[in-house]
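These notes are about the structure you will find just below.
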Amino acid sequence: MNIEVDVRELVLTGVEAPDPAALGDAVRVRLARLLAERGLPPASPPPGPLPAPPGTDLPQALAEAIWAQLGRPACREVDR
């Protein structure tokens with residue numbers, strides 16, 4: 001399976017990213033890995049704030065949150 005993830009814009013509120021481009025690249029790589037390993041999630045809860053205590057691997061936490069949202073019904077209806 002070949003999966004390509006394109007992160008065109010990543011908007012974070014309340015988080016300082018010293019290098020936004022590097023953060024976007026890191027999230028893209030981790031999200032592609034999650035999709036390759038787990039596929040799409042079956043369902044997900046409504047979006048909410050992402051708790052990120054100090055020391056959190058921010059790119060991984062963001063990728064996990066994005067991956068979980070891919071199971072939402074609106075994401076499943078897109079047929080491409």
Side-chain angles (χ1 to χ4, degrees):
M1 174 188 313
N2 185 20
I3 295 174
E4 182 178 331
V5 174
D6 182 9
V7 177
R8 294 183 185 175
E9 183 177 27
L10 182 62
V11 178
L12 303 174
T13 304
V15 176
E16 289 190 34
D19 185 352
L23 178 60
D25 287 341
V27 170
R28 178 186 53 78
V29 167
R30 286 168 173 84
L31 183 56
R33 185 179 319 134
L34 285 171
L35 287 166
E37 292 173 356
R38 301 181 192 173
L40 288 173
S44 68
L50 174 65
T56 297
D57 178 352
L58 187 57
Q60 183 65 34
L62 290 169
E64 292 273 353
I66 293 167
W67 177 83
Q69 294 305 311
L70 294 176
R72 295 183 53 83
C75 292
R76 292 299 204 157
E77 292 172 9
V78 175
D79 229 10
R80 292 186 184 174

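Any value given below was found using the heavy atoms of this structure, including those in side chains, with hydrogens, waters and symmetry copies removed.
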For a quick test of reading the model, state the closest non-hydrogen atom pair linking [X] to [Y] and the distance between them.
X: W67; Y: P41; answer: O-CG, 3.0 Å
X: V27; Y: A63; answer: O-CB, 4.0 Å
X: A61; Y: T56; answer: CB-CG2, 3.8 Å

Rounded to the nearest 0.5 Å, how far does CZ of R38 lie from CD of E64?
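Reported to 0.5 Å precision, the distance equals 4.0 Å.
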Got a second to check how far R28's CZ is from I66's CD1, nearest 0.5 Å?
12.5 Å
Indicate yes or no: at least one non-hydrogen side-chain atom of L34 is less than 4.5 angstrom from one of Q60.
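Yes, at least one pair of side-chain atoms sits under 4.5 Å.
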So if you build clusters from Ile, Leu, Val, Met, Phe, Trp, Tyr with side-chain heavy-atom gaps below 4.5 Å, do L62 and L40 land together?
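Cluster IDs for L62 and L40 match.
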